[in-house]
Amino acid sequence: MPEVARIKVGHTNADLLGTDDRVLQAAADYLSALGGGIVEIGPGEYLMRDSLHLRPHVTVRGTPGRTILRKADGVESPLAIDGDFGEEQITVADPKGFDVGYGVAIWSKRVHGFHITVARITDATAPPWLWIDRCTRTARSVTRPKRPPCFQ
C-alpha cells in the first residue's frame with residue numbers, strides 16, 4: 001500500500017510554521033496538488049480570518065483536545081460605491097480591518113435578487129478598493145456551474 005503524503009502544521013517543530021488560517025490553507029492546497037494526503041495540525045490556537053477551504057482527498061486532523069481553531073473578530077463596512085453583478089472588486093467606506101487573505105461576505109439588505117457573495121480578499125494595496133477571488137452574484141448565477149465567468 002502506498003504511503004500517504006503528510007504535512008505537519010504548527011507553532012513550532014512542524015513542516016509549515018504558522019498560527020492562522022493561511023498556513024492551514026497552504027498545507028491543504030499543497031497536498032491537494034499532490035493528489036491528496038493528511039494535514040496534521042499541532043497543538044495551539046490558530047486564528048481563522050477565513051474559512052479553511054477543504055480540498056478533495058485531503059484529510060485535516062488536529063491534536064485531540066489541544067488544537068483550537070478560533071474565529072477572528074469580524075469587521076464591517078458599508079460599500080462606498082454601489083456594487084453590481086459580476087464585480088471582482090469592492091470599494092468599502094472604511095478599509096480598516098480588511099487585508100489580503102481575509103474572508104468577506106457581501107450582501108444587500110435593500111435590493112432583491114442579489115445573493116450573498118462569500119469571497120477572499122486577493123489584493124488590498126489600494127484601499128478603499130479591495131479585489132476579491134470571485135465575482136458578486138445575483139439570483140441568475142445560483143444555478144450556473146461551480147465558478148461562472150463574471151460577465152455572461
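Between Gly18 and Tyr46, the closest heavy-atom pair is O-CE2, 3.4 Å. Nearest heavy-atom pair across Val58 and Ser32 is CG2-N, 3.7 Å. The minimum heavy-atom distance linking Arg49 with Asp21 is given by the pair N-OD1, 2.9 Å. Scanning all heavy atoms of the two residues, the minimum distance from Gly36 to Ala5 falls at O-CB, 3.8 Å. Smallest separation of non-hydrogen atoms from Leu52 and Gln25: CD1-OE1, 3.5 Å. Taking all atoms of both residues into account, the shortest heavy-atom contact from Ile132 to Ala119 is CB-CB, 3.9 Å.
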Q: Start with the C-alpha gap between Arg120 and Asp50, add the side-chain angles, then the distance that decides, and say whether salt bridge (charged side-chain N to carboxylate O under 4.0 Å, His left out) holds.
A: CA-CA 7 Å; Arg120 181 181 302 140; Asp50 191 12; 2.8 Å; yes
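Side-chain contact between Lys8 and Leu16 is absent, with no heavy atoms from C-beta onward closer than 4.5 Å. Contact check for Thr19 versus Leu47: no side-chain heavy atoms found under the 4.5 Å cut-off.
Between the side chain of Thr63 and the backbone N or O of Ile41 there is at least one donor-acceptor pair closer than 3.5 Å.
Residue-environment remark: NE2 (His11) exceeds the threshold of 12 foreign heavy atoms within 6.0 Å.
When the side chains of ILVMFWY residues are joined at heavy-atom separations under 4.5 Å, either directly or via intervening members, Ile121 and Ile81 end up in two distinct hydrophobic clusters.
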